[in-house]
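Structure first, commentary second.
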Amino acid sequence: MKTVMLKIDSDNIEQSKINQACEILKSGGLVAFPTETVYGLGGNALEPQAAGRIYAAKGRPSDNPLIVHIANEAMLEELVEEISEKAKLLSNHFWPGPLTMIFRKKRIIPNETTGGMDTVGIRMPSHPVALALIEQSGVAVAAPSANASGKPSPTRAKHVLEDLDGRIDMILDGDDAQIGLESTIVDTTCEPPVLLRPGFVTREMLEKVIGPVDVDPAVYEKVENGVKPKAPGMKYRHYAPKAELTLFRGDMEKVTRHINKKIEEDICQGRTPGVFVSQETRKQYEKGVVLCMGTRSDEETIAHCMYDVLREFDRLNVDVIYGEAFEQDNLGQAIMNRLIKAAGYKIVDIG
Ligand code: AMP
Ligand code: MG
């Protein structure tokens with residue numbers, strides 16, 4: 001299959017390009033498109049075969065449900081059984097935007113789309129290209145991140161091409177994803193609601209609107225073998241570069257010293273080590289492939305750059321990666337959730 005790459009300007013969207021993409025969606029094909037979180041890989045959410053194509057293109061395990069994207073509230077009512085008062089409050093506050101809510105699904109959504117679950121994750125994105133595509137195709141759009149399963153999520157159209165060239169019909173090549181982290185996921189079918197995946201919308205922001213929100217243990221800890229977390233995707237190694245990644249947490253001076261020692265050892269043994277650092281400690285590293293995520297005082301920039309940096313290590317063919325941990329407050333909750341999973345839970349506390 002040839003993958004058509006179409007440049008699209010989100011400030012001045014050309015209708016003919018949206019039309020082409022809509023035709024593909026309506027005929028069961030797959031279109032990757034920009035959203036404010038990461039690039040999504042879209043297919044008709046009500047067509048089991050389109051869902052099947054998404055799983056095949058990504059190499060995604062079929063028990064990992066797809067998030068369904070909508071362009072207006074009327075679409076929500078067609079798809080879900082019940083909208084709780086808290087879900088209404090959250091949708092008023094955060095939609096369109098980087099929040100996915102879990103609802104009980106209507107039968108119109110096939111089991112293929114939800115990985116066999118009787119609930120469905122729904123999001124109304126705010127990116128103008130995403131909204132135009134969903135609205136004008138007239139279909140709910142199932143769209144997981146447009147990467148090969150397990151790899152870092154795509155924040156630029158070129159990341160999508162790296163992973164899915166020849167496997168999907170079209171890539172709408174818009175700007176780089178503004179946020180750079182996948183949506184926050186909150187389960188609204190239970191009381192209190194449960195945070196299943198942190199994102200740009202933090203637990204504190206949710207709690208300001210609806211009161212207490214629980215956090216699923218799978219957000220930061222490995223689930224036991226055989227246990228299915230509430231968000232099935234959380235059990236897979238995820239967001240990961242090719243080389244093995246280890247995180248180091250603790251006093252920054254000790255952490256930099258420790259990582260530098262590891263770098264020396266690797267070089268002695270003929271390996272190429274990579275390390276991601278913050279601007280604050282950048283100057284303390286002289287050897288190895290050093291990539292900076294940004295300053296610790298600006299978590300939004302760190303979130304925005306993070307996946308591009310992890311992918312850069314793949315391109316530079318490093319053999320092993322070390323990373324400094326970040327604070328786990330505000331947006332740091334989402335940053336650390338992704339990094340801990342990218343590291344396969346290898347996080348070392350330096351005392
Ligand atoms: P992605 O589409 O790649 O951003 O991943 C979607 C995430 O949403 C995965 O971790 C899924 O397990 C989770 N998810 C999607 N639908 C549901 C659902 N109905 N219940 C719980 N988690 C869900
Ligand atoms: Mg994903």
Side-chain angles (χ1 to χ4, degrees), residues 30 32-43 45 50-51 54-55 57-70 76 79-82 87 98-107 109-123 125 130 140-155 159-160 163-164 177 179-190 193-201 214-220 223 227-240 303 306-307 310-311 334 337-338 340-342:
L30 304 185
F33 58 95
T35 84
E36 70 279 19
T37 57
V38 300
Y39 271 73
L41 175 59
I54 292 176
Y55 287 104
K58 282 178 60 79
R60 181 176 175 112
S62 61
D63 69 346
N64 189 359
L66 308 176
I67 292 174
V68 175
H69 292 68
I70 59 172
L76 179 65
L79 301 174
V80 309
E81 285 291 350
E82 191 188 356
L99 177 69
T100 297
M101 285 189 273
I102 307 293
F103 299 91
R104 257 174 251 301
K105 79 174 183 73
K106 282 192 176 153
R107 284 180 50 187
I109 302 180
N111 288 334
E112 284 78 358
T113 297
T114 63
M117 294 179 87
D118 55 12
T119 54
V120 61
I122 310 256
R123 179 164 103 84
V141 176
S145 50
N147 53 320
S149 191
K151 294 232 314 183
S153 293
T155 55
H159 299 159
V160 182
D163 283 13
L164 301 178
I179 295 175
L181 288 179
E182 308 80 356
S183 59
T184 303
I185 304 180
V186 62
D187 187 349
T188 67
T189 65
C190 44
V194 182
L195 181 71
L196 303 185
R197 178 172 75 183
F200 187 83
V201 176
D214 282 349
V215 179
D216 192 74
V219 167
Y220 299 112
V223 287
V227 174
K228 192 171 180 175
K230 286 189 82 177
M234 294 300 241
K235 72 172 179 276
Y236 296 107
R237 184 162 185 243
H238 229 131
Y239 320 119
M306 186 167 90
Y307 288 134
L310 293 181
R311 279 178 178 261
N337 164 266
R338 306 310 192 272
I340 287 170
K341 294 203 189 302

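FYI, the numbering just counts along the sequence from 1. One-based numbering, in listed order, for ligands and for the atoms of each.
Neither the backbone nor the side chain of T114 has any atom closer than 4.0 Å to an atom of ligand 1 (non-hydrogen atoms only). When non-hydrogen atoms are compared, ligand 1 lies under 4.0 Å from the backbone of K230 (N, CA, C, O) but not from its side chain. At a heavy-atom cutoff of 4.0 Å, ligand 1 is contacted by no atom of D187, backbone or side chain. Contacts between M101 and ligand 1, counted as non-hydrogen atom pairs separated by less than 4.0 Å, are absent for every part of the residue. When non-hydrogen atoms are compared, ligand 1 lies under 4.0 Å from the backbone of T119 as well as from its side chain.
Side-chain atoms of T119 and T189 include no donor-acceptor pair closer than 3.5 Å. Side-chain contact annotation: T155 with R311, donor-acceptor N/O pair under 3.5 Å absent. Side-chain atoms of E182 and S153 form a donor-acceptor pair, as typed in the model, at a separation below 3.5 Å. There is no side-chain donor-acceptor pair under 3.5 Å between R197 and T184.
Scanning for side-chain contact (heavy atoms from CB on, under 4.5 Å) contacts around A140 gives A45, V68, M75, L79, with sequence neighbours left out.
At least one N or O atom of R60 sits closer than 3.5 Å to an N or O atom of ligand 1. Residue N64 has at least one N or O atom closer than 3.5 Å to an N or O atom of ligand 1. Residue G233 has at least one nitrogen or oxygen atom sitting less than 3.5 Å from a nitrogen or oxygen atom of ligand 1, judged on distance alone. Residue P232 has at least one nitrogen or oxygen atom sitting less than 3.5 Å from a nitrogen or oxygen atom of ligand 1, judged on distance alone.
Taking 2.8 Å as the limit, the number of protein N, O or S atoms around the Mg ion (ligand 2) is 1.
Salt-bridge formation is not detected for the pair K105/D118: no Lys NZ or Arg NE/NH1/NH2 atom is positioned less than 4.0 Å from an Asp or Glu carboxylate oxygen. Using a 4.0 Å cut-off between charged side-chain N and carboxylate O, E82 and K106 make no salt bridge.
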